[in-house]
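Quick notes on the structure that follows.
Just so it is clear, the model here is predicted, and its values are computed rather than measured. Order of the sequence lines sets the chain letters (A, B, ...), proteins ahead of strands, with each chain counted from 1.
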Number of protein chains: 4
Amino acid sequence: MLLQIDLQSEVPIYTQLVHNIIEGIARKELLPGEALPSVRSMAADLGINLHTVNKAYNILKQDGFVQVNRKQGAVIHPASFPLADEQYQLRLQEQMRPLIAEAICRGMSSEQFKVISEQIYSQFSIGEEKEDG
Amino acid sequence: MLLQIDLQSEVPIYTQLVHNIIEGIARKELLPGEALPSVRSMAADLGINLHTVNKAYNILKQDGFVQVNRKQGAVIHPASFPLADEQYQLRLQEQMRPLIAEAICRGMSSEQFKVISEQIYSQFSIGEEKEDG
Amino acid sequence: MLLQIDLQSEVPIYTQLVHNIIEGIARKELLPGEALPSVRSMAADLGINLHTVNKAYNILKQDGFVQVNRKQGAVIHPASFPLADEQYQLRLQEQMRPLIAEAICRGMSSEQFKVISEQIYSQFSIGEEKEDG
Amino acid sequence: MLLQIDLQSEVPIYTQLVHNIIEGIARKELLPGEALPSVRSMAADLGINLHTVNKAYNILKQDGFVQVNRKQGAVIHPASFPLADEQYQLRLQEQMRPLIAEAICRGMSSEQFKVISEQIYSQFSIGEEKEDG
DNA sequence: GTGGTCTAGACCACG
DNA sequence: GTGGTCTAGACCACT
């Protein structure tokens with residue numbers, strides 16, 4: 001698992017960490033039940049403070065993506081991830097609306113937008129479809 | 001033009017303002033050349049600080065969505081909006097990637113995601129489908 | 001609002017703060033919409049670190065008891081408090097079960113337990129019932 | 001005696017163990033004089049550390065619920081359990097107050113609360129109501 | 001060795 | 001002046 005943190009970004013480090021880990025899960029590089037590095041070791045690896053890592057882990061725990069085991073530290077949630085329920089879909093729409101509004105202003109059609117979405121989707125499923133066949 | 005500001009939101013007010021105006025443009029409620037309310041009146045209407053409105057207008061100006069004249073104040077850019085160039089598309093992908101990653105983790109398929117995108121797109125083009133025909 | 005913090009207690013300070021504020025709401029000393037002290041001033045008043053106060057406020061925010069306004073700081077949630085839904089009742093039962101189990105072992109009857117509950121309830125509604133009459 | 005340990009819980013494992021055993025006593029599944037499993041076997045059964053079981057047993061001993069002999073190991077206190085003295089009642093009230101405060105905030109009446117208490121009480125006395133008659 | 005808690009001090013975004 | 005973020009270092013509870 002390769003984590004890419006941009007210390008200069010306006011996006012908070014702990015948010016970047018959360019995103020990185022969720023993307024790792026989506027890419028199936030991080031599998032259910034898999035242990036995450038301890039806050040100390042990850043902080044050392046990234047050259048950041050352990051509290052920053054801790055905050056990211058706690059957000060992921062609260063969102064249901066990881067469990068924080070008493071002895072083992074943090075592990076990817078072994079059983080189930082949170083579902084795409086109505087509440088989530090509403091939140092997603094709230095997040096997408098400004099992006100789509102700007103896309104429209106810049107003359108991007110719905111089809112172009114869907115192509116971009118499709119591209120990103122395919123980035124997360126490289127080498128998967130064949131395995132089922 | 002109805003502006004909806006949520007003071008409890010984690011999204012900064014000036015960002016909400018920027019989003020609201022871009023959405024107004026996308027919805028064609030704000031037309032090229034149209035004047036925006038003065039900083040003072042909009043701040044009074046929304047019960048927020050002058051600086052906040054000013055900051056939003058400056059961002060929109062910098063992004064090329066509005067022009068700021070001494071006389072007229074801020075107007076929707078009368079000539080051209082910024083294009084969906086490569087730089088923009090890269091930025092858009094950066095913004096969409098974490099959203100799509102979470103959607104994948106929650107079991108949302110590419111098709112479902114495109115349906116949601118389509119829905120939002122259609123919200124911005126009510127009553128103008130005929131224009132393409 | 002008088003806050004009583006026991007620095008020697010095994011209960012974390014931020015938890016004591018959360019309890020204190022919820023009890024203040026229950027006692028109607030803290031009314032909906034009322035502003036809480038800023039994290040800095042409360043931390044100074046109690047002689048603790050502002051981060052500890054911050055953590056307490058964030059928990060209360062997450063639980064829906066306070067709103068954190070962008071300019072005003074923290075205020076008691078002006079509209080509605082979280083409800084006693086099924087999920088809450090299950091959590092409450094989980095918290096009560098060990099207490100009641102020990103009470104049973106010590107020979108306390110259901111009636112005695114209810115008397116104690118009633119006493120605590122009445123501590124939160126001193127001087128209220130008369131106002132309705 | 002079925003012990004249910006939740007490794008993901010925020011409640012320390014030794015505390016969960018203490019609760020489980022006290023609940024077993026309250027449910028009369030564990031009778032006075034009955035031997036508890038050895039530290040070693042219980043730790044093995046639950047897949048937890050020896051020290052953790054040991055700590056739980058020591059707390060129970062200190063509270064007067066079990067006796068620890070060199071030969072037999074730990075046994076449920078054969079003679080008398082600790083009483084519901086004033087000191088205990090004060091502690092109980094301290095533990096209940098925050099729970100009741102939150103219940104009040106969530107709109108739960110004293111009657112509703114007593115119903116829940118009654119339900120939990122009845123869970124501990126299944127099949128023994130006749131003994132009082 | 002793990003995370004949890006607390007302290008202290010700093011800078012920044014926001015309004 | 002407000003909370004948000006990050007750092008640094010410390011102690012403790014748990015296992």
Side-chain angles (χ1 to χ4, degrees), chain A residues 5 7 9-17 35-44 46-59 61 66-75, chain B residues 5 7-17 43 46-56, chain C residues 5 7 9-17 35-44 46-59 61 66-75, chain D residues 5 7-17 43 46-56:
Chain A
I5 299 297
L7 298 177
S9 168
E10 62 175 349
V11 181
I13 297 176
Y14 73 86
T15 302
Q16 294 183 50
L17 258 179
L36 290 169
S38 75
V39 288
R40 281 177 178 80
S41 69
M42 175 164 284
L46 298 174
I48 61 178
N49 191 280
L50 87 174
H51 291 120
T52 307
V53 180
N54 204 10
K55 182 163 187 176
Y57 279 14
N58 274 321
I59 290 175
K61 169 188 170 189
V66 311
Q67 280 184 344
V68 176
N69 202 310
R70 200 162 278 278
K71 58 169 68 168
Q72 205 177 350
V75 301
Chain B
I5 299 297
L7 296 177
Q8 262 68 47
S9 169
E10 62 177 353
V11 180
I13 296 176
Y14 75 85
T15 304
Q16 293 184 50
L17 258 180
L46 298 174
I48 61 179
N49 197 297
L50 287 176
H51 303 334
T52 308
V53 181
N54 217 352
K55 183 164 187 175
Chain C
I5 299 297
L7 298 178
S9 168
E10 61 176 350
V11 180
I13 298 177
Y14 73 87
T15 302
Q16 294 184 48
L17 258 178
L36 290 170
S38 75
V39 288
R40 280 177 179 79
S41 69
M42 174 165 285
L46 298 174
I48 60 178
N49 192 280
L50 89 173
H51 291 119
T52 307
V53 180
N54 204 11
K55 183 163 186 176
Y57 279 15
N58 274 322
I59 290 175
K61 170 187 170 189
V66 312
Q67 280 184 342
V68 177
N69 201 311
R70 201 163 276 281
K71 58 170 67 167
Q72 204 177 349
V75 300
Chain D
I5 299 297
L7 296 176
Q8 264 67 47
S9 169
E10 61 178 352
V11 181
I13 296 177
Y14 76 87
T15 303
Q16 294 184 50
L17 258 179
L46 298 174
I48 61 180
N49 196 296
L50 287 175
H51 303 334
T52 308
V53 181
N54 218 351
K55 183 163 186 175

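Scanning all heavy atoms of the two residues, the minimum distance from C:M42 to C:V53 falls at SD-CG1, 3.9 Å. When every heavy atom of A:V68 is checked against every heavy atom of A:K61, the shortest pair comes out as CG2-CD, 3.7 Å. The minimum heavy-atom distance between B:Q8 and C:N69, with the atom names listed, is NE2-ND2, 3.2 Å.
Within the structure, every side-chain polar atom (N or O) of B:K55 is placed at least 4.0 Å from both OP1 and OP2 of E:dG15.
The shortest side-chain heavy-atom distance between A:I48 and A:L7 falls under the 4.5 Å cut-off. Between C:S38 and C:Y57, every side-chain heavy-atom pair lies at or beyond the 4.5 Å cut-off. Counting only heavy atoms from C-beta outward, the side chains of A:N58 and A:K55 never approach each other to under 4.5 Å. The closest side-chain heavy-atom distance from D:L17 to D:L46 is below 4.5 Å.
Rounding to whole angstrom units, OH of residue B:Y14 and P of E:dG15 are separated by 8 Å.
Take the nearest nucleotide of DNA chain E for C:R40 and for B:P12: the residue whose nucleotide is more 5' is C:R40. With DNA chain F read from its 5' end, the first of the two nearest nucleotides for C:G73 and A:T52 is the one closest to C:G73. Residue order along DNA chain E, read from the 5' end via each residue's closest nucleotide, puts A:S38 first among A:S38 and B:V11. For the pair A:L50 and C:N58, nearest-nucleotide mapping onto DNA chain F gives the more 5' position to C:N58.
When heavy atoms are screened at a 4.0 angstrom cut-off, D:I48 is found touching no nucleic acid atom at all. Heavy atoms of A:I13 sit under 4.0 angstrom from primed sugar atoms or phosphate atoms, though from no base atom.
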Inset, instruction - Fill in the dot-bracket string of DNA chain F, one character per base: . for unpaired, | for a pair to another strand, ( ) or [ ] for pairs within the strand, taking Watson-Crick or G-U pairs under 3.5 Å. - result: ||||||||||||||.
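Expressed to the nearest 0.5 Å, how far CD of D:E10 lies from OG1 of D:T15 amounts to 11.0 Å.
Only one option out of B:T52, B:N49, B:N54 pairs with B:Y14 in a side chain to side chain contact (heavy atoms under 4.5 Å, CB included); it is B:T52.
The nucleotide range of DNA chain F contacted by chain A, defined by atoms under 4.0 angstrom from heavy atoms of the protein and reported 5' to 3', is F:dT5 to F:dT15.
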